[in-house]
Amino acid sequence: MATKPRILVSRQVFPEVIERLRGHFEVDDNQADVVLGVEGLKARLADKAGVMTAVSDPVTAEVIGAAPGLKAVCNFAVGYNNIDLGACSKAGVMATNTPGVLDDTTADLAWALLMASARHIQASEHWLRAGKWQGFKMTDWLGADVHHATLGILGMGRIGQAVARRSLGFDMKVIYHNRSPLPQDKEAACRATWVDKETLLREADFLVLVLPYSPATHHVIGAAELALMKPTAHLINIARGGIVDDAALISALRQRRLSGAGLDVFEGEPKLNPGFLELDNVTLTPHIGSSSRATRMAMAMTAADNLIAALSGRRPPNLVNTEVWQ
Ligand code: DGY
């Protein structure tokens, strides 16, 4: 009987996923969920043909170099800035992601953060829990109206469009900036209008960031961009840490040059700039954009589909570095 290819699943996943993979592969799992890092990945990948990775796994050139038999890196995420794509392509290693299955869940979280920021949900709850509420008061926790406000979206891919579609019930004006405008039917479905980046920054009451991270999008929102925003505006980041200059954002929030922020991702996460912890006008969540059970299951199963296809000689459905496929 032919031996099965050996794979690594780098982080804890649902048992159903491991079971499915065991039907095809000899699986080295990590159900103890120890974060492996570069050295751990190098050690565990030396004898593997494939790996299922998470955004927390640095798949660097050094890691790829230490895995001579590696054919596929299948990320359990839509973003893949944790993978050195150039190094993968150079070594003929296929890299894949999980687009589509997490759009709605991630858009839902953008809205949760937006509403929380607009209405001081998190800060007022902390105040209440601390026993500070003396009774109803006309001027307690005055928030911003979401309905009829202007929603700005930077990055209008599938998740950006899902965020925009959810605004229809709030009768918002929707503007967006992308390298190029969407086709008319897609714009119409979200009632959204393309504007240049400066107009987006100046006019949005709520600005949602949905860009992939790359060197080109590093600190796309820094001090100069924050200075263009309305002092009453709120910034929501569900994309990646590093897109926003966190130190500049903290300074703008501290000085109330920006009303509030809702953040799911951070520069250097899981470490946070401690400045955020001193602010009551920022709502913080620990990179849970795609974290519903159904969606995380769908992501893991999509990554498994990619791995199974890649290691059985078929083109994986979500190949990112398409140049490796001849
Ligand atoms: C993604 O898919 O890129 C998310 O950030 C991980 O949940």
Side-chain angles (χ1 to χ4, degrees), residues 9-14 16-17 30 33 35-37 41 51-60 72-85 88 94-114 153-163 166 178 208-218 220-221 235-244 246 261-272 283-307 316-321:
V9 180
S10 70
R11 297 295 305 267
Q12 183 186 28
V13 294
F14 301 113
E16 296 91 315
V17 180
N30 181 12
D33 212 25
V35 177
L36 296 176
L41 285 169
V51 58
M52 185 189 290
T53 46
V55 292
S56 52
D57 294 311
V59 186
T60 60
V73 177
C74 298
N75 227 27
F76 163 80
V78 66
Y80 44 84
N81 57 303
N82 58 307
I83 301 175
D84 185 332
L85 268 197
C88 282
M94 291 173 264
T96 68
N97 68 343
T98 62
V101 292
L102 47 74
D103 299 349
D104 284 317
T105 301
T106 309
D108 288 350
L109 188 83
W111 273 89
L113 289 171
L114 189 157
I153 301 176
L154 186 56
M156 199 61 155
R158 283 180 314 265
I159 298 174
Q161 291 170 51
V163 171
R166 282 160 173 70
N178 224 18
V208 182
L209 307 179
V210 205
L211 295 168
Y213 180 82
S214 73
T217 59
H218 182 74
V220 148
I221 301 294
L235 181 72
I236 311 300
N237 188 3
I238 52 158
R240 277 291 181 274
I243 288 176
V244 175
D246 283 354
L263 309 173
D264 187 45
V265 287
F266 307 90
E267 282 192 284
E269 63 183 52
K271 291 209 175 84
L272 284 200
T283 302
L284 310 168
T285 52
H287 203 147
I288 55 169
S290 61
S291 189
S292 74
R293 190 184 163 82
T295 293
R296 286 278 164 92
M297 178 67 87
M299 290 163 72
M301 286 299 186
T302 302
D305 289 344
N306 282 314
L307 202 44
N318 308 112
L319 185 62
V320 176
N321 55 346

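Side chains are part of it too, since the values below use all heavy atoms of this structure and drop only hydrogens, waters and symmetry mates. Both counts, for ligands and for their atoms, begin at 1 and track the order of listing.
A donor-acceptor contact closer than 3.5 angstrom links the side chains of Thr295 and Thr105. Residues Asp264 and Thr285 bring a donor and an acceptor atom of their side chains to less than 3.5 Å of each other. Thr60 and Asp84 share no donor-acceptor pair across their side chains, judged by distance under 3.5 Å alone.
To the nearest 0.5 Å, atom OG of residue Ser292 and atom CE of residue Met297 are 10.5 Å apart. Once rounded to the nearest 0.5 Å, the distance linking OG1 of Thr302 with CG of Leu307 reads 12.5 Å.
For the pair Val73 and Tyr80, the minimum side-chain heavy-atom distance is 4.5 Å or more.
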Identify the protein atoms, limited to N or O, that lie within less than 3.5 Å of an N or O atom of ligand 1, and list each pair with its distance to 0.1 Å.
from     : atom 1 : to     : atom 2 : distance (Å)
ligand 1 : 2 (O)  : Val78  : N      : 2.7
ligand 1 : 3 (O)  : Val78  : N      : 3.4
ligand 1 : 3 (O)  : Gly79  : N      : 2.9
ligand 1 : 3 (O)  : Arg240 : NH1    : 3.4
ligand 1 : 3 (O)  : Arg240 : NH2    : 2.7
ligand 1 : 5 (O)  : Arg240 : NH1    : 2.7
ligand 1 : 5 (O)  : His287 : NE2    : 2.6
ligand 1 : 7 (O)  : Ser290 : OG     : 2.6

